[in-house]
Amino acid sequence: MLVGSYKNTIDTKGRVFLPAKFRSYLGERIIIVKGAEGCLVVYTEEKYTEYIERLRKNGETAAKKYLRYLNLTAASIEPDAQGRILLTNELREHAGLTKDVLFVGMYDTVEIWNEEKAEMSVMGESSDAIDNYLIANGF
């Protein structure tokens, strides 16, 4: 299970260390796609295949467009011997990744955030908004 958060820094070549705790779960090859709210989402190959199959079975035009959007810029990446991954320019630009990044475990995926954006978007959620969501959804 992928939980917790880890901070790291992108080097000048666009490489960043994938947290060791996440590497062991994610395996030798990962898929990285553009995520909602300006982050990146990291999948194992197996989880990404499952996700894509659900979209393909849907068959609706909107699902096909979303599938095309995902795969257009998706990157299949194998961490190097030191555990670094190379993020493409397009993925870095989507998430606004220039230096400091935050990896967030999301149970079976990992989100990669610009640390500053994460503080405003993710960490900035008020406890009242979270409580209201939980109550409204029966948690």
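Computed from heavy atoms alone, side chains included, the values below leave out hydrogens, waters and symmetry copies.
Of the candidates V16, L87, L40, L87 is the only one forming a side-chain contact (heavy atoms from CB on, under 4.5 Å) with R92.
Separating the CE atom in M106 from the SG atom in C39 is a distance of 8.0 Å, to the nearest 0.5 Å. To the nearest 0.5 Å, atoms OG1 (T61) and CZ (R68) are separated by 9.0 Å.
Residues passing the salt bridge (Lys or Arg N to Asp or Glu O under 4.0 Å) test with D108, sequence neighbours excluded: K47. Partners of R29 according to the side chain to side chain donor-acceptor pair (under 3.5 Å) rule, which considers only residues two or more places apart in sequence or in another chain, are S76, E78. Applying the side chain to side chain donor-acceptor pair (under 3.5 Å) test to E28 and every residue at least two apart in sequence or in another chain returns nothing.
Counting heavy atoms from C-beta outward, Y66 and N71 have side chains that stay 4.5 Å or more apart. Looking at Y51 and T49, their side chains never come closer than 4.5 Å, going by heavy atoms from C-beta outward. Using a 4.5 Å cut-off on side-chain heavy atoms (C-beta onward), T44 and Y25 make contact. Contact annotation: the side chain of Y107 never approaches that of L2 to less than 4.5 Å [non-hydrogen atoms, C-beta and beyond]. Within the 4.5 Å cutoff, the side chain of R56 has heavy atoms near those of the E53 side chain. Taking the side chain as every heavy atom from C-beta outward, V41 and I32 never approach each other to under 4.5 Å.
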- Task: Go through V110 and V104 one step at a time and tell me if the side chain to side chain contact (heavy atoms under 4.5 Å, CB included) criterion holds.
- Result: CA-CA 6 Å; V110 174; V104 179; 5.9 Å; no

- Message: Apply salt bridge (charged side-chain N to carboxylate O under 4.0 Å, His left out) to residues K65 and E60 and explain how you reach the verdict.
- Response: CA-CA 9 Å; K65 286 181 180 181; E60 292 181 16; over 6 Å; no

(request) Let me see the working for Y43 and V33 under side chain to side chain contact (heavy atoms under 4.5 Å, CB included), right down to the final yes or no. (result) CA-CA 8 Å; Y43 291 88; V33 300; 3.7 Å; yes

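Counting all heavy atoms, side chain and backbone alike, I10 lies closest to G14 at CG2-CA, 3.6 Å. Nearest heavy-atom pair across T9 and D100 is OG1-OD1, 3.5 Å. Between L70 and K34 the shortest heavy-atom distance is CD2-O, 4.0 Å. For the pair L97 and W113, the tightest heavy-atom approach, listed with the atom from each and the gap, is CD2-C, 3.5 Å. Residues L86 and I77 come closest through the heavy atom pair O-CD1, 3.3 Å. Closest non-hydrogen pair, F22 versus G105, comes out as CZ-N, 3.6 Å.
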